[in-house]
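Numbers restart at 1 for each chain; the letters A, B, ... are given by sequence-line order, proteins then strands.
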Number of protein chains: 2
Amino acid sequence: MITHAMEDYLKTVYLLQEGQEKVSTSAIAQQMEVSAASVTGMIRKLAAMGLLNYASYQGVELTEGGKKIAQEIIRHHRLLELYLVEIMGFSWDKVHDEADKLEHVISEEFEERMSEALGHPTTDPHGHAIPAKDGALQEVAYATLTEVDAGSSATVQHVSDNDPEMLRYFDQLGLLPGAVVHVVAKEPFNGPLRLKVDQTEHFVGREVAGNVFVSPQIT
Amino acid sequence: MITHAMEDYLKTVYLLQEGQEKVSTSAIAQQMEVSAASVTGMIRKLAAMGLLNYASYQGVELTEGGKKIAQEIIRHHRLLELYLVEIMGFSWDKVHDEADKLEHVISEEFEERMSEALGHPTTDPHGHAIPAKDGALQEVAYATLTEVDAGSSATVQHVSDNDPEMLRYFDQLGLLPGAVVHVVAKEPFNGPLRLKVDQTEHFVGREVAGNVFVSPQIT
DNA sequence: TTAAGAATTTAGGAATGCCTAAATCTAACT
DNA sequence: AGTTAGATTTAGGCATTCCTAAATTCTTAA
């Protein structure tokens, strides 16, 4: 039987796996705010179930079966976020936590009816791709705002959706998916970036900028 | 901390408590399909938390605190059922199970937005009262169809919503809240009842009829 | 009134999922 | 190669929630 906790682990591994193929125990532990020992324990169980491949000290990689489950959960999560915002009128910064709880609990029919109500969307309110019912999700590896050259513009594709406070901050600044940002200046060393969003200038810390994913603006 | 399991116990006690003030361990065990021993264990924990009063072998009674939580869960459940049917297009017989899972997980805001979308309703699709945000629920003690005299008519108020198969059966027969039923004949002993619903006659077993709650028809 | 029989509780145990502390392994630097 | 810092695993524990089996208490009917 697959538990909610297992689903959370699979989801986390899937999202950390983007790019790399192996994911370390500690990366999972950090992401989930759980001890590394707990991760080891759960990983062994998931490996025994054939949902991921794992060799001691070598890191972890999802099997096809594990990926499928992870995609299902991520699809739930992102459809929920969109549904909560678009249909129920939630604000952008509250949907992540709500979706984290609901994603494990809704039925296939619930998922299907949400998708229908939304016109079978492919992107959630944070700009993340929504995996198709069975197909894979293809998330382009966007640059972050920290990597944009001073003097260049970029379009916000998605933002990290883990921290509600940061989401509210993005909202204030107008850093929503689709927004065009001009990087006016990048202070030397670890100083803030100077951005222009929608006529207004802002200073934004390096760590914050690292959570905003962008593609070069196409004019 | 209140767990989902605790919420389920409180909800069950609350619903069984209607009418009587004391609820027995075995009644709870039967309703929840759990051993009596498990019930005893959980009851002691809930008593220690001040959510119900309990003395060995004497049965159980919710405190005000316990009632409040139970009402909250029941409100969630019934709003969810209505939302699933009215807004999302679920069929009547599937909403109970879905609501049983979601009721423990949704936030206050989710509850509020559902209520709003539904125009702050007071009755769920099975005909059960929806408790107000903080206020108590007042469910009238209706008769069941088995108690209606042959030759009399009655209006369906609500039906037991635990068994999806039975719900589908009610649906087929037209035994929905609001429907007028005429009891044509009650066979002697434990035989079926002969009903007329919407011009059509049906034979319905005693056990089934016991799950249909009615009030005398007001003409 | 007492002895079934029913209801309830206690005792002991299993699975899940988390923790801390201690042991072990890997990798990197001298 | 040897040491050491960091990552990982093992070991031992705790809380939750369920179970079965055995003991206890209550009820009722002969």
Side-chain angles (χ1 to χ4, degrees), chain A residues 1-14 16-17 19-62 66 69-70 73 97 100-101 103-105, chain B residues 1-14 16-17 19-62 66 69-70 73 97 100-101 103-105:
Chain A
M1 225 281 125
I2 296 231
T3 64
H4 295 179
M6 289 173 185
E7 289 179 350
D8 272 333
Y9 277 94
L10 293 173
K11 177 178 108 174
T12 300
V13 173
Y14 187 91
L16 289 173
Q17 203 174 257
Q20 301 94 73
E21 353 73 80
K22 298 283 179 128
V23 177
S24 70
T25 302
S26 51
I28 299 168
Q30 191 177 14
Q31 179 67 31
M32 298 188 71
E33 299 184 301
V34 142
S35 74
S38 301
V39 174
T40 299
M42 182 57 88
I43 270 170
R44 300 183 65 176
K45 218 176 304 182
L46 293 171
M49 295 171 76
L51 297 173
L52 45 77
N53 295 317
Y54 152 78
S56 272
Y57 296 98
Q58 302 298 141
V60 142
E61 189 179 13
L62 292 183
I69 293 169
I73 298 300
D97 291 343
D100 259 353
K101 293 181 297 175
E103 64 189 7
H104 305 292
V105 156
Chain B
M1 228 280 126
I2 296 229
T3 64
H4 294 180
M6 289 173 184
E7 288 179 349
D8 272 333
Y9 277 94
L10 293 173
K11 177 177 107 175
T12 299
V13 173
Y14 187 92
L16 289 173
Q17 204 173 256
Q20 301 94 74
E21 354 75 80
K22 297 284 179 125
V23 178
S24 70
T25 302
S26 51
I28 298 167
Q30 191 176 12
Q31 179 68 33
M32 298 189 72
E33 300 185 300
V34 143
S35 73
S38 301
V39 174
T40 300
M42 182 56 89
I43 270 169
R44 300 182 66 177
K45 218 176 304 181
L46 292 170
M49 295 172 76
L51 297 173
L52 45 77
N53 295 316
Y54 152 79
S56 272
Y57 296 98
Q58 302 297 140
V60 142
E61 190 180 12
L62 293 182
I69 293 168
I73 298 300
D97 291 344
D100 260 352
K101 294 181 296 174
E103 64 189 6
H104 305 292
V105 157

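The salt bridge (charged side-chain N to carboxylate O under 4.0 Å, His left out) search around A/Asp100 returns A/Lys11, not counting sequence neighbours. A/Glu61 is linked by a side-chain hydrogen bond (donor to acceptor under 3.5 Å, both in side chains) to nothing, counting only residues two or more places apart in sequence or in another chain. With sequence neighbours excluded, no residue satisfies side-chain hydrogen bond (donor to acceptor under 3.5 Å, both in side chains) with B/Thr12. By the side-chain hydrogen bond (donor to acceptor under 3.5 Å, both in side chains) test, B/Ser56 pairs with no residue at all, sequence neighbours left out.
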Set out, line by line, the N/O atom pairs under 3.5 Å between protein and nucleotides 25-27 of chain D.
unit_1: D/dT25; atom_1: O4'; unit_2: B/Tyr57; atom_2: OH; d: 3.3

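Side-chain contact between A/Tyr9 and A/Val34 is present, with heavy atoms from C-beta onward closer than 4.5 Å. B/Leu62 is listed as a side-chain neighbour of B/Gln17, based on a closest heavy-atom distance under 4.5 Å.
To the nearest angstrom, P of C/dG17 lies 10 Å from CG of A/Asp8. Computed from coordinates, the A/Lys22 NZ to C/dT26 P distance equals 14 Å when rounded to whole Å. One interatomic measurement links the two molecules: CD1 of B/Ile2 to P of D/dT16, which rounds to 12 Å at whole-angstrom precision. Per the geometry, NE2 belonging to B/His104 stands 12 Å off P belonging to D/dT17, to the nearest Å. As rounded to whole Å, 19 Å separates atom P of D/dT16 from atom NE2 of A/His4.
Listed by first and then second residue, the side-chain hydrogen bond (donor to acceptor under 3.5 Å, both in side chains) pairs that reach into residues 23-34 of chain A are A/Ser24-A/Ser26, sequence neighbours excluded.
If you take CD1 on B/Ile2 and NE2 on B/His104, they are separated by 11.5 Å, rounding to the nearest 0.5 Å. Distance check, rounded to the nearest 0.5 Å: CE of A/Met1 to CE of A/Met6 gives 9.0 Å. Interatomic distance, A/Ile28 CD1 to A/Thr40 OG1, rounded to the nearest 0.5 Å: 9.0 Å. With rounding to the nearest 0.5 angstrom, the NZ atom of B/Lys101 is 13.0 Å from the NE2 atom of B/His4.
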Under 3.5 Å, sequence neighbours excluded: what are the donor-acceptor pairs made by side chains of residues 44-54 of chain A?
none

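The terminal axes of the helix from C/dT1-D/dA30 to C/dT30-D/dA1, fitted over 5 pairs per end, subtend an angle of 20° to the nearest 10°.
Near DNA chain D, meaning a heavy atom under 4.0 Å from it, residues 23-31 of chain A has A/Ser24, A/Thr25, A/Ser26 in order of number. Of the residues in residues 38-52 of chain A, those placing a heavy atom less than 4.0 Å from an atom of DNA chain C are A/Ser38, A/Met42, A/Lys45, in numerical order.
Of the possible donor and acceptor atoms, none in the side chain of A/Glu7 sits under 3.5 Å from a partner among the backbone N and O of A/Ile73.
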Under the criterion side chain to side chain contact (heavy atoms under 4.5 Å, CB included), I'd like the reasoning laid out for B/Val105 against A/Glu103: C-alpha separation, chi angles, the key distance, then a yes or no. CA-CA 10 Å; B/Val105 157; A/Glu103 64 189 7; over 6 Å; no

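Neither OP1 nor OP2 of D/dT16 sits under 4.0 Å from any side-chain N or O of B/Tyr9.
In terms of position along DNA chain C, the nucleotide closest to B/Ala55 lies nearer the 5' end than the nucleotide closest to the other residue of the pair B/Ala55 and A/Ser35.
For A/Tyr54, the listed nucleotide lying nearest its side chain is D/dT9; candidates were D/dT20, D/dT9, C/dC18.
Residue B/Ala36 is in base contact, counting any heavy-atom pair closer than 4.0 Å across all strands shown.
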